[in-house]
Amino acid sequence: MEKLLFTLLSIGILTSCSPRYSEALYKSDYTQYVKEGFYIYPEGAVPSVLDYTPLSSLSLVFTYGKPDKKISAPGITIIKNGAPQAFSDYAIPSKQYMTDKLVETAKEYGANAILNLKGIELRKEGKFVISGVAIKLKK
């Protein structure tokens, strides 16, 4: 009897915690930049024959946290009234917002492209780092 009860209890616990099937697509759409004549080459996708002048290595660090009263950008999500274990009243930037900021910074150097674009989330520190090399493509 104990073995049967243990087996049924084990099956109940294991099936209630099993992962559910899902599909997710994560994308980074650079077409808006290409239309403006600005090119982005993600890390590992740089053509072997590319004529350019490197202008600056860039790294932007975004720290999740309590928002300043002046933050009201469309690319920043303010999470309000979250569960006690979740972020509450935190500002979190979107991938698009962070990419826009990096492109703006690259353009300040006269760049028309970014090489080796990459993003790294540092969850323990509550940060996201986006980086790349601002370059001037030769035509």
Side-chain angles (χ1 to χ4, degrees):
M1 177 71 171
E2 286 181 22
K3 286 184 181 180
L4 178 62
L5 182 59
F6 178 75
T7 303
L8 290 174
L9 186 60
S10 297
I11 291 172
I13 290 172
L14 291 174
T15 57
S16 67
C17 297
S18 63
R20 302 283 184 220
Y21 172 79
S22 68
E23 293 182 18
L25 171 65
Y26 300 97
K27 64 180 179 123
S28 297
D29 185 3
Y30 305 128
T31 55
Q32 102 181 38
Y33 306 109
V34 173
K35 289 177 186 174
E36 298 169 2
F38 195 93
Y39 300 91
I40 296 177
Y41 299 94
E43 185 178 43
V46 179
S48 58
V49 268
L50 192 62
D51 195 13
Y52 64 91
T53 302
L55 302 173
S56 178
S57 179
L58 305 172
S59 286
L60 294 177
V61 179
F62 297 86
T63 304
Y64 311 148
K66 300 247 182 237
D68 290 340
K69 299 211 184 303
K70 60 186 174 187
I71 292 180
S72 63
I76 295 180
T77 301
I78 308 294
I79 297 175
K80 292 188 175 286
N81 303 323
Q85 299 84 8
F87 290 115
S88 180
D89 295 328
Y90 264 58
I92 300 176
S94 67
K95 285 183 356 181
Q96 186 69 45
Y97 178 83
M98 292 185 284
T99 304
D100 287 347
K101 288 290 187 183
L102 191 67
V103 169
E104 285 175 27
T105 305
K107 286 180 177 180
E108 290 173 9
Y109 288 92
N112 62 358
I114 294 175
L115 280 184
N116 293 321
L117 175 72
K118 68 178 176 179
I120 301 169
E121 185 175 13
L122 306 170
R123 287 186 184 213
K124 288 183 181 178
E125 292 86 5
K127 297 179 181 185
F128 195 92
V129 180
I130 187 169
S131 62
V133 178
I135 64 167
K136 182 74 171 180
L137 288 173
K138 296 179 182 174
K139 298 184 181 190

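Numbering of residues begins at 1 and proceeds along the displayed sequence.
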Residue pairs fulfilling salt bridge (Lys or Arg N to Asp or Glu O under 4.0 Å) with at least one residue in residues 121-130, sequence neighbours excluded: E121-R123
Rounded distance [0.5 Å steps], OG in S59 versus CG in L102: 8.5 Å
In the hydrophobic cluster built from side-chain contacts under 4.5 Å, what are the other members alongside I120? V61, L122, V129
Listing request: all salt bridge (Lys or Arg N to Asp or Glu O under 4.0 Å) pairs with a residue in residues 52-61, at least two apart in sequence or in separate chains. none
Scan the side chains in residues 107-118 for donor-acceptor partners under 3.5 Å anywhere in the protein, sequence neighbours excluded, and list what turns up.
from, atom 1, to, atom 2, distance (Å)
N112, OD1, L137, N, 2.7

Return the set of residues passing side-chain hydrogen bond (donor to acceptor under 3.5 Å, both in side chains) with Q96 (not counting sequence neighbours), or none when no residue passes. Q32, Y33, D100
Can you name the nearest heavy-atom pair linking L58 to A134, along with the distance? CD1-CB, 3.9 Å
Distance col, row F128:CZ vs Y97:OH, nearest 0.5 angstrom, shows 14.0 Å
Could you check whether any side-chain heavy atom of T99 comes within less than 4.5 Å of a side-chain heavy atom of I40, counting everything from C-beta outward? yes
For K138, enumerate each residue passing the side-chain contact (heavy atoms from CB on, under 4.5 Å) test, keeping only those at least two apart in sequence or located in another chain. D51, T53
